[in-house]
Trainee: 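Below is one structure. I have some questions about it.
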Amino acid sequence: TWVATQVADHYTDRVTQAAADVNAARKQLDDLLLQAVKAGASKTRIAAAADITRQTLDARTGNWQRRENEQ
């Protein structure tokens, strides 16, 4: 049990760090996507380059616009 707990604790730190890294990368991607949309690039091309659907890009764009309006 002690060994299992130690292993779990070790991996918990790694999982937590990996999740933080993914969140940071997601924020960076969102910033880049927003800049491209604001620059007037084709949303279809942006979505394809990001390997997401146009619908997902539109949803993210809506979220960004709501956040900007709240500030």
Side-chain angles (χ1 to χ4, degrees):
T1 301
W2 180 85
V3 171
T5 301
Q6 294 302 310
V7 170
D9 288 345
H10 176 72
Y11 283 106
T12 296
D13 292 343
R14 286 184 175 196
V15 169
T16 300
Q17 183 59 50
D21 293 346
V22 167
N23 286 334
R26 184 175 292 131
K27 286 180 184 179
Q28 186 177 22
L29 175 60
D30 283 350
D31 288 342
L32 291 171
L33 294 173
L34 179 57
Q35 288 176 22
V37 168
K38 284 184 173 183
S42 162
K43 285 186 177 180
T44 302
R45 286 183 146 180
I46 295 168
D51 198 26
I52 59 176
T53 66
R54 171 67 192 268
Q55 183 179 7
T56 298
L57 180 62
D58 287 341
R60 286 184 178 181
T61 302
N63 286 336
W64 300 323
Q65 289 173 346
R66 283 190 291 278
R67 277 191 240 144
E68 284 182 352
N69 291 337
E70 290 173 359
Q71 294 177 0

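This one's a predicted model, so the numbers in the text were calculated from it and none came from an experiment.
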Trainee: Less than 4.5 Å apart, any side-chain heavy atom of L29 and any of R60?
Mentor: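 Counting from C-beta outward, L29 and R60 do come under 4.5 Å.
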Trainee: Side-chain donor-acceptor contacts of residues 44-56 below 3.5 Å, not counting sequence neighbours, with atom names and distances?
Mentor:
| unit_1 | atom_1 | unit_2 | atom_2 | d |
| --- | --- | --- | --- | --- |
| T44 | OG1 | R54 | NH1 | 3.3 |
| T53 | OG1 | T56 | N | 3.0 |
| T53 | OG1 | T56 | OG1 | 2.8 |
| R54 | NE | D58 | OD1 | 3.1 |
| R54 | NE | D58 | OD2 | 3.4 |

Trainee: What donor-acceptor contacts under 3.5 angstrom involve side-chain atoms of residues 13-25, with partners at least two apart or in another chain?
Mentor:
| unit_1 | atom_1 | unit_2 | atom_2 | d |
| --- | --- | --- | --- | --- |
| R14 | NE | H10 | NE2 | 3.2 |
| R14 | NH2 | H10 | NE2 | 3.4 |
| T16 | OG1 | T12 | O | 2.8 |
| Q17 | NE2 | D21 | OD1 | 2.7 |
| N23 | OD1 | R26 | NH1 | 3.3 |
| N23 | ND2 | A19 | O | 3.4 |

Trainee: Salt bridge (Lys or Arg N to Asp or Glu O under 4.0 Å) with K38: which residues, sequence neighbours excluded?
Mentor: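 K38 satisfies salt bridge (Lys or Arg N to Asp or Glu O under 4.0 Å) with E68 once adjacent residues are dropped.
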